[in-house]
Amino acid sequence: MEGEQSGLRFRRQQALETLRKTADGRRPRLARPQFLIAFLVVFGALAFLGYNAFNASSMYYLSVGELLARGETSSGDELRVSGKVVEGTIQRGPEANAVRFTMADENGPSVPVVYRGVVPDTFQEGGQVVVEGGLGPEGVFRARTLLAKCPSKYEPEESKQT
Amino acid sequence: MPHLGYAAILTGFVIAAYTAVASFVAARSRVGELWLSARNGVYAAFGLTTVASGALLYGLLTHDFSIKYVAEYTSRSQSPVYNVAAWWAGLEGSLLFWAWLLSLFAVVVLIQSRRNNRELIPYVSAVNMALLAYFLGMMGFALNPFETLPVAPADGMGLNPLLDNPGMLFHPTSLYMGYVGFTIPFAFAIAALISGRLGDDWIRASRRWTLFAWFALGLGNLFGAQWAYTVLGWGGYWGWDPVENAAFMPWLVGTAYLHSVMIQQRRGMLKVWNILLIIITFSLCLFGTMVTRSGILSSVHAFSSGSAGPLFLALLTAVAAGSLSLLWLRLRALRSENQLDSLVSRESSFLLNNLLLVGAAFAIFWGSVFPLLSEAVRGVKTTVGPPFFQEVTGPIFLALLLLMGICPLIGWRKASAENLARNFLLPLGVGVATAVLLLALGMRPFFAALAFAVLAFVAASILLEFYRGVRARHRGRGENYAIAVPRLIWANKPRYGGYIVHVGVILIALGVVGSQMFATNAEATVKPGETIQIRNYVLTYRGLTSYTEGNKEIVAATLDVQRGGQSLGSVVTSKSFAAGREEPRTDVAIRSDPREDLYTILSGWSEDGTASFKVLVNPLVMWIWVGGAVLLLGTAIAFWPDARAEARLPVPERVPAKGMRPSHA
C-alpha cells in the first residue's frame, strides 16, 4: 500500500517534469551546432597537444638484452633501460659524483653503465634500476638519469627473511 | 592474537556479504525487519574490522614477530609511532586499513541519514558492504595480514629508512581517506540508479562526502609532494611517476564532478555526465590502488607483484562494467531538464572546465599506461617521460585557471554584454597589466609571463567578488568592512569557502609555475674552502664531519651561504647509514623563504674531504605549501554546516513508508 503510494508520487513527479518541459516550449535535444563546433575545437586542441608532446618525449623502454640487440645508439637518441645491478659491481669514482656498475637482465646479458650525478638512496647492489641515456661506441651505457627501485622498499624479498 | 584477527576478518567477510544481500533485498521488498538486521550488520562489520585492526596493531606494538607482517614492517628499535604506521605500510595491512575506513564510513552514513534519504540508504549500504566483503575476502583467502611464520625471528626487518618520516603518517592515510571516501558518493550514485530516484537527492546527500574525499585526496598528493621534496633528495616534488599519476587522476575527475553537480542542482542538466564522472572517479581510485599493488606499471613506488594485481583488476572490471550497464539501463530517465542557451554562460564555462579536467586526466592516463599498450600492440615497450606530461598538462591547467577566474563572474543561461563588461573589465585590466609589466621587465619564457598574468586575473576576479559582497553588507547593514568580511563568508559558506579554495589553488599554481619555469641547478665537486656559485648565491664548503647517533652513522657537510654578498648563515646536508641497512639516507638542506628555496644535496665524497654537491634554487616553492593550508581553510568553511544549504534540503517526508521505519532500534 505505502510502496504503491510512493511509486505513484514518483510517476506524478515525472509527469510534472515532462509538462514543465513542454511548457517551456522546447524539449531537450542535442546541443546546437555552435556547441558542437566548440567541442570539436577543444577536443582538437587537446589531441594536438597530446600528439606533439608525445612525439617530443616518447622513448623506447628496453631490457638489457634488447638494448644490446639494437647496438650503439646515435647521439641524442634517448633510451630507457631496466635491469638489475649485478652484485659487487658498484664502483664509485674516480670523480666524487661518478658511479660505475654492471646492469643485467635476470640471468641474462649485461652491460656496463656509467653515471654522474646524485645517486638515489635506494640504489644498491642487486637492486632494480632504470637508466635513461644512450649506448656509447665502446659498449658502455652513459646514463643521464638513474632511477632505483628498491625491492625491499615495501615488500621484502623472500630470501631476506629469517 | 593473530588467530583472533584472522577470525574477525573471516567473520567480517561473512557478515558484510550477508549485509550486502540483506540491504539490497530489504530495499526491494521493503521488509522492515530485514533492513533492521542489515543495519545491525553494518555495525557488526565495523566492529569486526575494528577488532581485526586492533589485533594487528597489538601485534605491531608488542613485537609479535610470529606474524609475518609484523616481522616485515617493524623492528624493536623502531619508534612506536612508525610501528603504528606499519599498519598501512605494506600490502596486507593497507587492505585492512582500507576495509576499516570503509566500514567506518558506512556506519557514519547510517548515523547521518537516520531521518532522510530512506529510499537510497539501503542501496548505499548494499554497495558499501559488497565492496567491504570483497576486501575482507581478499584478506581472508589470499592476502592475510595475520599469516604466521613457523619460527618467529628475534627481530623484525623494520620499515625502510626512507619511510621513517612524518610523511609516512600523513601521506598514505589521507590518500586512503580520499580513495575510500569516494566510495560513498559512488554508492549514492549507484543507489540513485537502482532505486530510480534520479533527482538531486543523491547529490545533496553525498555532497559533503565528495568534498571530504576530494580534499583528502588533494591533501594526500600535497603531503606526498612535500615528502618527496624534503626527503628523496632529487630537488623536485612531482616526478610524473605512474603511481603519482594514479593518485592525481581521480582528483582531477573528482574536481570535475564537484563542479558539474552544481549545474545539475541549479539547472537540472548534465545528469548522465555527473553519474559518469563519479563512476570514473571511483574506478580511477581502484585503478590507483591496483597500480600501487600490482607492479603492472613500472614505478619506483610499487609494491611487489603477486596475487593482488588480478584481484584488483577483477574488482575494477566488475565495478566499471556493473555501474556502466546500470547507467545504460537508466539513460532514458536521466533526460536533461534544460538545454544550453548560449556559449557565453556559466553552464558553458563549467562544461569547458569539465572537458579540460577530464582531458587532462585522460592524457595522464594515456601517458601512464602507454608502455603497456605499445608493448601489446607493437611488441616494443615505449614510455613517455615527464616532458610529455608537462607539455600536455601545462596549457590545460593554464586554461583551467583562466576558467576559474571566468566561471564565478559569468551569468547563468546567457551572459549579457553589460554583465561581461561590469565583471571583467577590472580583472582583465589587472591581468593585462601584469603581463605587460613582466614582459617589460624582461621575463622569459613568454609562457611564464602569461601564466602569472592569468593568476593575477583570477586573483583580481576573486577579490572583486569579495569586495562586492562586503560593500553590499556595508551599505545595506552599515557593517564596517572588518566585520563584513567574516560575516559575508559565514552567510554563504559553500560559495565563499569555494572562493577561498580557489585562492589556495592560485597559490599552489604560483609555486608550481615559479619552480617549474625558473629552477636552476648546479653540480660541483669542491675541496674545503672552495665555493659553488648559483644565481646570486655563493656557497663556501667548510668540510665534512662524521659521527654516530644511535644506531646511525652520519656524514655531514657544512656550507656557508651568502646571497648577494649578505651572509645567510650555514646549511648542513648529510647522509646517514643505519646499522644493518645497505642503503644510505640523504638529508638535504633546504633554506626556504617566500622568494625561493636553496636546496643542497650531498651526493658523494672522497677520503681527502673533497665532496660533491648538487645545489638547486627553486623559486616560490613555499607558496605550494601555503596554498595547501589555504585549501584546508576553504574546504573547512565549505564543509561547515550551512543554514542556507540546510534550508535548501528537501523537506523530509512526513509519513515515511511504513515498512521502512527501523531506525529507532
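Residue numbers start from 1 in every chain, and the chains themselves are labelled A, B, ... in the order their sequence lines are given, proteins ahead of strands.
- Contacts of A:Val42 with chain B are made by side-chain atoms alone, with heavy-atom separations under 4.5 Å and no backbone atom involved.
- At a threshold of 4.5 Å between non-hydrogen side-chain atoms, the residues B:Phe370 and A:Ser58 do not count as touching.
- Taking all atoms of both residues into account, the shortest heavy-atom contact from B:Glu391 to A:Leu49 is O-CD2, 3.7 Å.
- Looking at B:Val380 and A:Glu66, their side chains never come closer than 4.5 Å, going by heavy atoms from C-beta outward.
- Distance check: B:Thr383 OG1 to A:Arg80 CZ gives 4.5 Å after rounding to the nearest 0.5 Å.
- Panel note: side chain A:Ser57, backbone B:Phe388; a donor-acceptor pair is recorded below 3.5 Å.
- In this structure, B:Ser374 OG and A:Tyr61 OH are separated by 11.5 Å, a value rounded to the nearest 0.5 Å.
- Contacts from residues 353-363 of chain B to chain A, taken as heavy-atom pairs separated by less than 4.5 Å, involve B:Leu355, B:Leu356, B:Gly359 in sequence order.
- Between chain A and the options B:Arg585, B:Lys614, B:Met269, heavy-atom pairs under 4.5 Å are most frequent for B:Arg585.
- Only the side chain of B:Leu352 comes within contact range of chain A, with heavy atoms under 4.5 Å apart.
- For A:Gln91, the CD atom counts as loosely surrounded, since its 6.0 Å shell holds 12 or fewer non-hydrogen atoms of other residues, nucleotides or ligands.
- A:Gly50 and B:Val392 get closest at one heavy-atom pair: CA-CG2, 3.9 Å.
- The heavy-atom pair separating B:Ser603 from A:Val118 by the smallest distance is CB-CG2, 3.8 Å.
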